[in-house]
Structures are given as structure tokens and as C-alpha cells.
Amino acid sequence: MAANPNTPSGVLGSLLPATIESNADAEVVGAVVRNPATKPATLAKVPDLILPRLHAQDDPFSFGTGVELTRRADTSAAALSELITDERSTTEFRKVIARETTSTNCACGY
């Protein structure tokens, strides 16, 4: 449902878990981020979900979801700033988003 571009934006927002407890949760968050119908207000909730998981060896999804978030033109500057400046963000993650982001809202070059 989260990957379906016809899913209403309100439903997409309701699909975000309160926390990422499993790879299945992380996959849902990623699908919501990639869905073009997802509203900026929903995207703004994603950094708080993925930042605690960037160090998790068993979570292959959160890192990629963060990168996808920076590629969306409608991700807020505040959400992008949180990804870059939060102490839970890893150096590797910062390097990748500085290189990969396409958002004009991001001052990712530091």
C-alpha cells in the first residue's frame, strides 16, 4: 500500500510506524518516502525514525531511505538539516547525502 502511487497522502502518513522496530517497518518508511503522493509534513517525520537506526548493522533500509529523502525536492530544509547536523548521523551518511542529494533545500556541502 505504501508503494502504490494512488494511495491517498493521509493514508501514507498513517502508515509510518512510531519507531522502526524491524526491517519490515524500515521498508514501509522507505516506501512512504519514495511515494510521490507523500506530503512534506509526513516526510518531516522521517529523520526521527531513521537517525537512531543508521548505526544498526541489521538494518539495510534506513541509510537508503535517508538518501532517498534528500533526493526529494519537497523535503523541508528543516528535515534535511536534521539529517546532516544530528549527532546520530554518521560521517559516511553525511558524505553520501552531500554527494547524492538533488534537493535545492539542502546546504549539504556544509
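Numbering of residues begins at 1 and proceeds along the displayed sequence.
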dist Phe93:CZ -> Leu51:CG (nearest 0.5 Å) comes out at 6.5 Å

Rounded to the nearest 0.5 Å, what separation is found between the OG1 atom of Thr75 and the CD atom of Glu82?
12.0 Å

List the atom pairs, with distances to 0.1 Å, where a side-chain N or O of residues 4-13 and a protein N or O form a donor-acceptor pair under 3.5 Å, not counting sequence neighbours.
from, atom 1, to, atom 2, distance (Å)
Asn4, OD1, Asn6, N, 2.7
Thr7, OG1, Met1, O, 2.7
Thr7, OG1, Asn4, O, 3.1

Going by heavy atoms in the side chains, are Asp48 and Arg88 under 4.5 Å from each other?
yes

If you define the side chain from C-beta out and look only at heavy atoms, does anything of Thr70 sit under 4.5 Å from Val96?
no

Can you sort out the partners of [X] under side chain to side chain contact (heavy atoms under 4.5 Å, CB included), two or more places apart, ordered by chain and number?
X: Leu49; result: Leu16, Ile20, Val29
X: Glu87; result: none
X: Ser22; result: Ala24, Asp25

Do you know which two heavy atoms are closest between Ala3 and Ala31, and how far apart they sit?
N-CB, 4.0 Å

Mind listing the side-chain donor-acceptor pairs of residues 37-44 below 3.5 Å, one per line with the distance, residues two or more places apart or on another chain?
from, atom 1, to, atom 2, distance (Å)
Thr38, OG1, Val32, O, 2.5
Thr38, OG1, Asn35, O, 3.2

Donor-acceptor pairs under 3.5 Å, side chain of residues 60-68 to any protein atom, not counting sequence neighbours: which ones?
from, atom 1, to, atom 2, distance (Å)
Ser62, OG, Asp59, OD2, 2.6
Thr65, OG1, Phe61, O, 3.0
Glu68, OE2, Arg71, NH1, 3.1

Just by distance, no angles: are the side chains of Thr90 and Glu92 close enough, under 3.5 Å, to form a donor-acceptor pair?
no

Is the side chain of Arg72 donor-acceptor paired with the backbone N or O of Val33 at a distance under 3.5 Å, no angle test?
yes

Looking at Ser81 and Ala77, would you say the former's side chain and the latter's main chain have a donor-acceptor pair under 3.5 Å?
no

